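For reference, the structure discussed in these notes is given below.
Every chain is numbered from 1 and lettered A, B, ... according to where its sequence line falls, protein lines coming before strand lines. Quick caveat, the model's predicted, so the values are computed rather than measured.
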2 protein chains.
Amino acid sequence: MDTGSAIDLAVSTVIFALRSNDPLQPRGEPTVWIPLVRRLRAPYDNHWALPGGPLGADEGPTDAARRALQSTTGLQPKYLEQLYTFGDPERSPGATRVVSIVYWALVGIDEVAHAPARQNVRWLPADDLPTLAFDHNLIVDYALWRLRTKVSHSRIAHAFLGETFTLADLREVHEVVLGKRLDPANFRRQVLASGHVVATGGMRTGGRHRPARLYRYDQSMSMTDHGPLGPVLLSERNS
Amino acid sequence: MDTGSAIDLAVSTVIFALRSNDPLQPRGEPTVWIPLVRRLRAPYDNHWALPGGPLGADEGPTDAARRALQSTTGLQPKYLEQLYTFGDPERSPGATRVVSIVYWALVGIDEVAHAPARQNVRWLPADDLPTLAFDHNLIVDYALWRLRTKVSHSRIAHAFLGETFTLADLREVHEVVLGKRLDPANFRRQVLASGHVVATGGMRTGGRHRPARLYRYDQSMSMTDHGPLGPVLLSERNS
DNA sequence: CCAAAAGTGTTTCAGCTACACCCATGA
DNA sequence: TCATGGGTGTAGCTGAAACACTTTTGG
């Protein structure tokens with residue numbers, strides 16, 4: 001029974017990446033940034049909004065989220081997970097009612113630098129945004145909260161990094177996301193004890209100090225969370 | 001731009017309650033049960049399915065979930081939270097494509113007993129279900145997993161109980177949900193230390209043993225999780 | 001040699017587990 | 001008085017936090 005509902009169904013994605021605050025100094029303290037797209041029509045004409053669009057007729061929501069990510073950043077997500085579905089009638093005032101299935105994603109720091117700049121897309125710091133379209137400020141805040149809780153008791157922080165990384169890199173990701181300093185010695189022990197990370201044998205030299213061992217993530221699981229469907233969450237469930 | 005999408009949007013609810021296995025012996029070991037409704041049309045004619053229905057044009061998803069709960073059990077939920085949105089194109093084979101926003105809920109054990117029996121509604125044990133309609137077995141399994149993880153590191157178990165309860169009652173809920181025995185002494189200390197529970201001053205006598213103190217939940221927060229919207233999650237976030 | 005970060009060792013403390021023990025009631 | 005569960009006390013283990021200390025590089 002198709003009721004011919006008057007409700008539009010859309011998918012949006014909150015995309016997180018780490019970027020240095022000062023573009024002239026790529027080695028500076030990074031913070032969390034997200035890409036937004038400029039709206040070109042009412043309501044909220046000219047406001048920034050989360051990337052997304054209507055759910056295609058033969059497309060799953062996860063595919064739609066990945067498509068939104070691709071079209072705004074040109075990147076593949078290192079991590080992708082459904083966040084929440086927003087459907088209150090009042091959330092799109094004056095317009096057709098829209099129910100949004102929202103995802104959140106992580107992309108690697110080095111890939112962002114090489115991605116081509118897109119028209120009407122701008123990266124902004126996630127914790128200091130202007131007023132966005134619709135309820136998107138609320139959505140970003142919720143996604144940020146989810147990112148922080150997930151980083152604190154799961155092991156996804158490496159999704160912000162490239163293929164290999166030092167433990168100092170990984171610790172910096174945690175520090176930036178959680179907003180506090182972590183003891184290098186204890187952080188090292190916890191990460192190594194978790195077994196999620198494997199030494200490559202390589203070293204990173206160049207600092208005026210002892211070289212650091214390089215690690216890579218133990219890729220026994222892909223980094224897309226298919227929710228209750230895929231095998232990924234199954235391994236998440238057991239952890 | 002209303003695309004006049006051909007996708008139906010529905011809301012379903014996984015409703016959990018504790019029931020004794022043996023209806024003749026209400027004091028027996030309870031287990032987790034859920035109410036299901038019998039489908040009266042294809043596809044999956046005559047199969048059991050989660051209660052729910054299409055999202056009303058002027059109705060928020062949470063209201064729709066509460067409505068599904070009301071119409072099948074006649075009850076108010078003690079706890080209600082969005083679970084996940086299922087939208088893969090293949091999940092309703094041969095029928096109009098349906099995207100389902102699924103909620104999960106807890107209702108009190110004593111209220112269920114007094115609720116009127118409804119036509120085409122039956123309570124079944126959650127961990128031993130027959131083949132349900134659509135992907136509803138998967139959804140129930142996911143909701144069960146979420147219930148267990150939430151019970152282990154949040155304080156919602158009391159939502160299965162009535163207004164007042166003994167710590168043994170509360171411990172039994174944990175034991176049934178988690179499927180393992182808990183040390184009474186340690187459980188008591190952890191619950192009391194959490195501060196979420198307050199002694200009423202009353203006692204429950206009648207057992208052939210020392211009377212037990214009665215407690216009630218510290219109602220500083222309502223037990224509906226409005227996701228990122230309401231004040232509830234804010235307090236949840238800080239815990 | 002010095003500064004700085006990598007990496008190791010060790011003490012301390014909080015929280016949880018296990019379990020011994022006493023208390024109050026019904027039969 | 002005995003069986004039963006309510007309720008308290010406490011020793012021991014484990015893991016995290018804090019921090020002293022050694023190692024290895026660049027300048």
Identify all pairs in which a protein N or O lies below 3.5 Å from an N or O of nucleotides 18-20 of chain C, and state each distance.
{"from": "C:dA18", "atom 1": "N7", "to": "B:N186", "atom 2": "ND2", "distance (Å)": "2.9"}
{"from": "C:dA18", "atom 1": "N6", "to": "B:N186", "atom 2": "OD1", "distance (Å)": "3.1"}
{"from": "C:dA18", "atom 1": "N6", "to": "B:R189", "atom 2": "NH2", "distance (Å)": "3.1"}

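Heavy-atom distances to DNA chain D give each of A:T205 and B:L192 a nearest nucleotide, and the one nearer the 5′ end belongs to B:L192. Toward the 5' end of DNA chain C, the nearer of the two residues A:R208 and A:L167, judged by each one's closest nucleotide, is A:R208.
In summary, of the residues considered (B:H196, B:E163, B:R155), a side chain to side chain donor-acceptor pair (under 3.5 Å) with B:Y217 occurs for B:H196 alone. Partner of A:Y103 under the side-chain contact (heavy atoms from CB on, under 4.5 Å) criterion, chosen from A:L50, A:L83, A:T62: A:T62.
The distance between atom CG of A:L182 and atom C1' of C:dG7, rounded to the nearest whole Å, is 17 Å. Taking atom NE2 on A:H209 and atom C1' on C:dA4, their separation rounds to 7 Å, with Å as the unit. Computed from coordinates, the A:M203 CE to D:dT25 P distance equals 7 Å when rounded to whole Å. We find that CZ of B:R210 is positioned 6 Å from C1' of C:dA24, with the value rounded to whole Å. One atom, CG of B:L170, and another, P of D:dG5, lie 18 Å apart when rounded to the nearest Å. As rounded to whole Å, 10 Å separates atom P of D:dG5 from atom CZ of B:R181. Protein atom CZ of B:R171 is 10 Å distant from nucleotide atom P of D:dG5, rounded to whole Å. When rounded to the nearest whole Å, the span between CG of A:L214 and P of C:dA6 equals 12 Å.
Proximity of A:R204 to the phosphate of C:dA5: no side-chain N or O atom is located under 4.0 Å from OP1 or OP2. OP1 or OP2 of D:dT8 has at least one side-chain nitrogen or oxygen of B:R188 nearer than 4.0 Å. At least one side-chain nitrogen or oxygen of B:R213 sits closer than 4.0 Å to the OP1 or OP2 atom of D:dT8.
Here the shortest heavy-atom pairing between B:W123 and B:V107 reads CH2-CG2, 4.3 Å. Among all heavy-atom pairs drawn from A:W48 and A:P130, the shortest one is CD1-CG, 4.3 Å.
Side chain of B:K78 to backbone of B:L161: a donor-acceptor contact under 3.5 angstrom is found. Side-chain N or O atoms of B:T73 include none that pairs as donor or acceptor with a backbone N or O of B:Q70 at under 3.5 Å.
The aromatic rings of A:W145 and A:Y142 sit parallel to each other, their planes meeting at less than 30°, with 60° as the upper class boundary.
Taking only side-chain atoms of B:P211, from C-beta outward, the nucleotide of C:dA6, C:dT17, C:dT25 with the closest atom is C:dT25.
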